[in-house]
Amino acid sequence: MAYDFNAIEEKWLRKWKEERAFEPKPTGKKFLLTVPWPYCNGALHIGHGRTYTVGDIIARYKRMRGFNVLYPMGFHISGTPILAFSKKIENGDAQTINLYRSYLELYGDDPTRVSEFAVPSNIASYFSERIINDFTNMGFSIDWTRKFTSGEPIYNKFVEWQFRILQDKKLIKRGDYPILYSAEEGNPVGEDDILEGDTDKVSITQFTGVYFYIGNEILLASTVRPETLDGVTNIFLNPDVQYSRIRMRGQTFIVSKRASEKLRFQRDAEFVSDVKVEDYIHKMAREPLYSREIPILPGKFVDPNIGTGVDYSVPAHSIWDHVALLEISERPDYIQVIENDSQPLDMEVIRKRFGITNLDDKEKLVEATKYVYEQEYYHGKIVRGKFKGNIVKDIKERIIDDLVQMGIAIPVYETSRRAETREGNPVIVAVIKNQWFIDYSIEAWKDKVRELIGRMSLKPDNLRNQFLQTVDWIKERPCARRRGLGTRLPMDNEWIIESLSDSTIYTVVYTIIPFLREMNFDEIDDEVFNHIFFGKGEISRKSERTKKAIEAARKEFLFWYPVDLRHTSYPHISNHLTFYLFNHVAIFPQNEWPVGVSTGGMVISEGQKMSKSKGNVYPLLTIKRKYGADLFRMYFASNADVWYDVDWRTSEVENYSKKLERFYSLLEEAKDVNGEPDGRDLWLVSRMIDRIAKGSKNFDAMKVREATVDLFFNALNDIRDLENFSGKERTLRAVRKFGKEWALSLSPVIPFLSEEIHSMYEGNGFASLQAYPTMENVYRQQESEWNFIESIVEDFRSITKVSNMKPSRMIIGTAESWKWKLLNDSKSKDVKSMIKEASPEQREFLVTLVKKKDLTQSVENEEEVLTKFRDDLARYLNVEIVVSKDAVYSRKALPGRPAIRLE
RNA sequence: GCGGAGGUUGCCGAGCUUGGCCAAAGGCGACAGACUCAAGAUCUGUUUCCAUAGGGAUUCGCCGGUUCAAAUCCGGCCCUCCGCACCA
């Protein structure tokens with residue numbers, strides 16, 4: 001009978017809700033599980049579903065293992081995306097409006113409501129409501145009484161408290177910071193704002209602008225290789241390019257006109273006048289290290305758009321400079337600064353090797369430059385000047401600092417490639433002054449985090465290493481922006497705390513949010529949080545109502561915290577999860593630090609990365625309606641292990657549907673059969689009991705895939721085998737023996753079906769709240785007997801296949817008793833000496849014994865077992881079966897492997 | 001470059017920690033058969049090569065090593081994917 005998953009799922013959703021099945025009270029042994037809250041700017045798709053599904057499987061399993069599990073959820077609304085979308089809708093951007101109309105249609109709402117989304121908070125509230133609905137429908141055992149958003153006032157107070165602590169502990173600092181920016185639009189630009197920014201990422205490259213003096217003026221030459229400055233031989237200016245004079249820090253600089261426009265956004269720079277480039281070419285300039293006079297030469301290859309448009313030439317280490325000099329027939333004395341393995345790279349050799357003839361061979365030049373750079377950066381040793389003896393990569397940062405300190409260089413920022421915004425304006429680099437940072441570079445802080453990582457429970461195993469790696473390179477992180485939704489920085493209201501920085505310790509809020517809501521809002525201040533979390537805030541002057549809520553909150557915090565497991569996808573390791581650890585360590589006492597973290601893989605769809613243009617982004621809701629939540633959960637649970645990427649293939653989904661249907665109808669039919677199972681069929685029960693036990697071990701190790709495959713698919717295959725061998729009636733009788741336990745063991749994965757079957761088998765209460773089943777296995781003997789029979793079936797098949805015959809009779813001869821005796825003796829005696837003493841016939845057997853260590857030996861009483869199964873076997877293989885002890889037949893027989901003769 | 005994951009039989013994908021029972025699970029696809037008026041669904045069998053008796057040969061990115069024995073351990077090489085932040 002077909003099962004109506006919609007009816008079943010709705011029924012149990014209703015019951016869970018009515019009885020508040022997943023709203024735990026603080027008693028017993030607890031388990032707090034969190035998954036990062038979703039960002040609510042659109043409909044969820046299958047990719048979002050997976051992480052929460054894994055979380056829910058763990059939550060449900062732990063619940064069945066006797067833990068009081070809290071699985072809470074909230075909503076992330078801070079940052080720029082929601083703001084950006086609502087602005088686009090306000091401005092009538094057709095693409096965005098269509099997108100949001102389609103979301104409304106998906107959820108069955110009036111698409112004309114899209115205009116409401118011009119208000120950012122409406123996007124947040126609309127989608128958070130829908131997400132609650134989606135998640136509930138997926139069967140996630142989330143306690144929704146603890147929901148909150150990163151934008152609501154109570155939460156803002158909490159984040160302010162957190163940032164005041166960080167500041168008190170001197171973990172926050174200010175400084176200048178470069179960002180991508182559009183001058184025309186007057187805004188910072190993120191990946192989404194840049195044309196092809198998602199496929200071809202734009203980053204910020206730091207150049208060093210070096211001072212070359214010419215009279216009272218400075219030619220500001222920009223380079224990414226300041227380590228070669230000792231080898232400069234000349235300056236290149238592009239004779240076809242407009243240059244300008246600008247004033248910075250009381251000095252006059254010459255840069256390309258384009259650079260002068262961009263530099264204004266990086267520092268205080270004032271345009272003075274345009275410059276005639278020919279006035280400078282072939283003049284001499286003074287380089288800053290040794291005051292050598294070097295010529296200024298024409299170089300048409302110099303790009304005015306990159307850096308300052310002034311190039312200092314180091315022909316010994318730059319293929320561009322070398323080729324440019326060849327073209328104008330200048331050949332200054334090359335000065336080597338770097339050697340590889342005590343030998344410099346010769347640019348002339350490189351030029352020939354890459355087949356470069358002139359400056360028009362741009363691709364080759366780029367390629368050769370990359371080669372030279374990699375060689376000299378990683379392996380090159382400096383042989384001149386102050387930093388002589390060092391490998392470039394070890395000393396580069398210090399060289400830059402040194403030049404800046406000496407007042408002969410400044411940092412100049414440039415984009416890593418030419419880029420423009422979606423509106424068509426150039427992307428440049430601007431420096432934000434007095435940016436706020438959280439200073440994750442403090443070593444003492446890092447050490448505490450390392451200590452925590454060392455003792456945490458982490459899955460998969462390599463996660464520990466990845467964390468340590470991240471801690472090593474993590475630096476200051478800008479923690480506030482000028483725009484976006486979120487919490488204002490308490491020490492400077494002009495800034496809004498950036499969206500990853502406002503969500504580092506929010507998991508603690510789940511434990512107390514219902515109580516915060518009971519307090520008088522105005523009374524919530526730092527003292528309240530200090531009291532709840534540290535037991536030391538002064539609260540005697542609060543109202544009774546608030547005081548009561550504070551005490552209750554403290555109790556719940558102490559009960560639920562720390563987080564026992566935080567599960568999310570691996571891209572979070574190097575950012576969110578690391579910040580999560582840092583902030584906990586900074587703010588909370590050791591016993592409240594995170595206990596465990598696990599990371600999971602991503603979802604691809606139909607073999608490819610999900611993207612709208614490929615049309616392989618499926619909304620969660622659509623999938624649930626079409627196939628049901630159990631199927632979705634089963635698919636992700638069984639298709640790949642938690643930490644690997646998983647591929648959603650619609651073509652395979654059908655199979656799952658059939659299997660679930662079979663599972664259901666099998667158990668439904670088994671429920672009503674009468675009589676005890678035949679003794680011969682109990683092997684199935686034996687295997688199932690072991691499977692259930694193994695499943696528990698797998699779930700413990702978060703091997704969700706293995707647990708599911710084994711408990712579900714392998715079990716179904718066994719049942720099919722039994723059905724083929726013994727017929728339906730007998731199979732159902734065996735299945736009934738473990739039906740209820742089987743359903744329970746799968747409850748973490750397919751909770752709805754499990755509830756249905758559990759109630760069908762007259763189980764008490766919710767399946768979701770039962771203990772994980774255990775059964776004692778008293779059927780091992782039957783299982784061994786079956787293995788023996790199965791091996792005969794296999795042999796039968798391979799013989800018929802090779803011999804190409806359709807036998808009508810199978811004569812099975814079991815091994816003579818002396819073979820059994822020798823086999824048993826060989827276990828305790830030295831086989832070699834046995835061989836010496838044996839008769840020729842015995843010797844032959846003993847030698848085989850040594851060669852084949854894997855003699856099945858599953859049953860001792862082979863004839864008896866064969867007789868018992870004879871009729872079944874005969875029917876199954878469609879042959880007459882004769883069991884014989886006749887020496888003619890048993891001569892070739894071995895224990896565990898009887899001789900078979902087909903006629 | 002750094003760090004991580006991985007390259008398995010037509011495809012997807014287990015196995016590799018604890019070497020032998022691994023020609024290598026499972027699924028998909030393909031082929032044959034049963035059922036059916038037919039199709040579909042379902043079930044059965046086959047699916048590296050050779051072989052009319054349960055056998056043999058060659059295979060798990062490439063090269064080499066350890067071992068009685070290697071997909072599995074060790075060394076080197078080639079290739080693919082992901083992260084390297086200020087973006088949620």
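Letters go in sequence order (proteins before strands), and every chain restarts at 1. Remember, it's a predicted structure, so these values are computed and weren't measured experimentally.
Counting any heavy atom pair closer than 4.0 Å across all strands shown, A:T80 reaches sugar-phosphate atoms only and no base atom. Residue-level contact check: A:P807 touches neither bases nor backbone, having no heavy atom under 4.0 Å from any strand. Using a 4.0 Å heavy-atom cutoff across all strands shown, A:F796 reaches no nucleic acid atom at all.
Proximity of the aromatic rings of A:F663 and A:F712 is defined here by a centroid distance below 6.0 angstrom, and this criterion is met. Taking the six-membered ring for Trp, A:F579 and A:F582 have ring centres at least 6.0 Å apart.
Distances shorter than 4.0 Å separate some side-chain N or O of A:N462 from OP1 or OP2 on B:A5.
When the side chain to side chain contact (heavy atoms under 4.5 Å, CB included) test is applied to A:V709, the partners found at least two apart in sequence or on another chain are A:S638, A:R705, A:N714.
B:G3: Watson-Crick or G-U partner is B:C82, with both key distances under 3.5 Å. For B:C68, the paired base is B:G20 (Watson-Crick or G-U wobble, both distances below 3.5 Å). When both distances must be under 3.5 Å, the Watson-Crick or G-U wobble mate of B:U46 is B:A30. As the counterpart of B:U59, no nucleotide is assigned, since no Watson-Crick or G-U wobble pattern has both distances under 3.5 Å.
With hydrogens and angles ignored, no donor-acceptor pair under 3.5 angstrom links the side chain of A:Y570 to the base of B:C82.
Residues A:R477 and A:L500 form a side-chain contact, since some pair of their non-hydrogen atoms from C-beta on lies under 4.5 Å apart.
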